[in-house]
2 protein chains.
Amino acid sequence: MNKTQVKLIEAAEREFAEKGFHGASIRDITSRAGANVASVNYHFGSKETLFIEMIRYRLEPLNTLRIGMLDTAVAKAGPRPLRIKRIVDILVRPMVESLVGGTHGEYFMRAMGRGMAEETAFMQRLYKDVLATLVTRFRKEMRRTLSDLPETVTITCFTYLRSTLSGVLQIRKNNVVLESGIQFPDADTMIVYITGGIEAIVRNYRTKNK
Amino acid sequence: MNKTQVKLIEAAEREFAEKGFHGASIRDITSRAGANVASVNYHFGSKETLFIEMIRYRLEPLNTLRIGMLDTAVAKAGPRPLRIKRIVDILVRPMVESLVGGTHGEYFMRAMGRGMAEETAFMQRLYKDVLATLVTRFRKEMRRTLSDLPETVTITCFTYLRSTLSGVLQIRKNNVVLESGIQFPDADTMIVYITGGIEAIVRNYRTKNK
DNA sequence: CGCCGATTAAAACAAACGTTTGATTCTGCT
DNA sequence: AGCAGAATCAAACGTTTGTTTTAATCGGCG
């Protein structure tokens with residue numbers, strides 16, 4: 001990954017974040033990066049691949065970090081399954097904190113959120129390339145924690161977790177639509193919210209089928 | 001709203017749902033509607049206005065319904081503030097059930113979800129036209145329920161509620177990205193989840209500041 | 001029928017899009 | 001210095017975009 005490629009990726013983050021995949025043009029991106037129009041196609045082959053590589057560039061280290069954290073947590077817990085809150089924490093915190101921290105984080109997350117909301121076709125590729133391992137790994141762990149419940153419940157919980165995450169990702173710091181008093185999320189509250197939601201679903205299921 | 005206009009709106013719902021605002025073209029929409037390319041500009045003035053009118057067409061009745069339900073609930077409760085679950089229920093159920101019910105609902109919701117994720121500029125108009133009243137009304141009610149807490153907590157709760165909602169809206173019945181075992185949400189579980197999340201935030205705040 | 005405003009149809013519009021080309025410059029190595 | 005391969009550049013490619021224009025058609029009313 002050379003200098004121009006990184007400049008292009010960083011420009012792409014901002015443009016995709018602000019305009020979405022279709023809304024941002026290669027000319028916007030390259031001129032922001034101070035590069036030639038042809039540079040995207042030269043270095044990445046296509047606009048789609050640029051998007052994918054942009055995701056991979058930030059998400060791959062993040063995901064290995066998360067899987068690492070999950071592994072050590074599991075190792076430390078021994079035979080006991082992890083608590084819901086722990087799983088959610090590992091899944092959410094590194095992501096949100098990288099979002100609040102560095103300048104790029106915010107743009108990247110929104111770019112990803114919008115891209116995932118927008119596209120259908122080529123997102124399969126992104127899923128298989130960068131997300132599949134993470135999702136199955138975390139779902140397996142969640143399954144172990146909720147082993148007494150049917151799998152559908154686990155899936156439901158995971159669906160809401162993902163929806164909340166992707167919904168939150170799309171919030172921009174100076175929100176336009178939601179204008180009056182939207183609050184940029186911090187990791188702690190978000191974990192509390194998601195965990196609370198999941199535990200409520202579990203509780204609800206248990207009392208209904210006891 | 002004449003026949004052609006309705007046909008255009010229904011076609012727009014599907015196209016916008018499947019391709020997003022920028023991804024769907026006027027030619028896609030008109031040819032699906034069996035109308036001429038010029039019809040959108042003749043009847044609605046522009047692609048953007050078509051989108052706005054499409055939202056208004058479905059959302060306005062839904063919102064008056066929701067505000068009506070909230071009013072009667074408040075009237076019945078008398079001086080007592082509504083419970084969180086009640087507020088969430090009224091906000092979520094009519095929406096999700098119109099989504100699961102009629103054929104159009106699903107497309108419309110996804111179209112809205114994607115549109116809101118995509119756009120920045122002209123969504124302000126949509127917000128002021130169709131969403132503002134609803135949001136402030138419900139937030140006022142939530143504020144009354146959580147009156148012992150600082151307003152920032154209410155805002156936080158409402159932010160997560162909105163994020164979850166918008167995240168869930170974007171789920172498509174046959175999901176591609178999330179492929180293996182995503183579950184289309186039902187109103188009940190969704191209400192349980194959101195309420196559980198909000199109550200967890202509230203609980204968390206109270207124990208920290210007791 | 002004959003007229004008129006409303007609607008539809010086909011064609012053309014300029015602008016913007018992603019991508020390709022071919023020449024030019026830059027870079028590292030012998 | 002001189003060469004080869006990589007990178008950059010301006011220019012142009014063919015499409016597609018939203019929108020406009022102009023002519024044809026429709027529907028109701030006197």
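Naming convention: chains lettered A, B, ... in sequence-line order (proteins, then strands); numbering from 1 in each chain. A quick note: this is a predicted structure, and the numbers were derived from the prediction, not measured.
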- Thr4(B) versus Tyr42(B), side-chain donor and acceptor atoms under 3.5 Å: no
- Query: Rounded to the Å, how far apart are Leu8(A) CG and dC9(D) P?
  - Reply: 11 Å
- Query: Between the side chains of Thr189(A) and Asp186(A), is a donor N or O closer than 3.5 angstrom to an acceptor N or O?
  - Reply: yes
- Message: Does the plane of the ring in Tyr160(A) sit parallel, tilted or perpendicular to the ring in Tyr193(B)? Use 30° and 60° as the thresholds.
- Response: parallel
- Task: Using a 4.0 Å cut-off on protein heavy atoms (strictly under), produce a 5'-to-3' string for nucleotides 7-22 of chain C with B for base contact, S for backbone-only sugar-phosphate contact, and - for none.
- Result: BBBB-B----BBBBB-
- Item | Between dT19(D) (P) and Ile29(B) (CD1): distance, integer Å | 10 Å
- Task: May I ask you to decide if the ring planes of Phe51(B) and Phe16(B) are parallel, tilted or perpendicular, using 30° and 60° as cut-offs?
- Result: perpendicular
- Message: Looking only at side-chain N and O atoms, does Thr156(A) offer a donor or acceptor that is under 3.5 Å from a partner on Tyr205(A)?
- Response: no
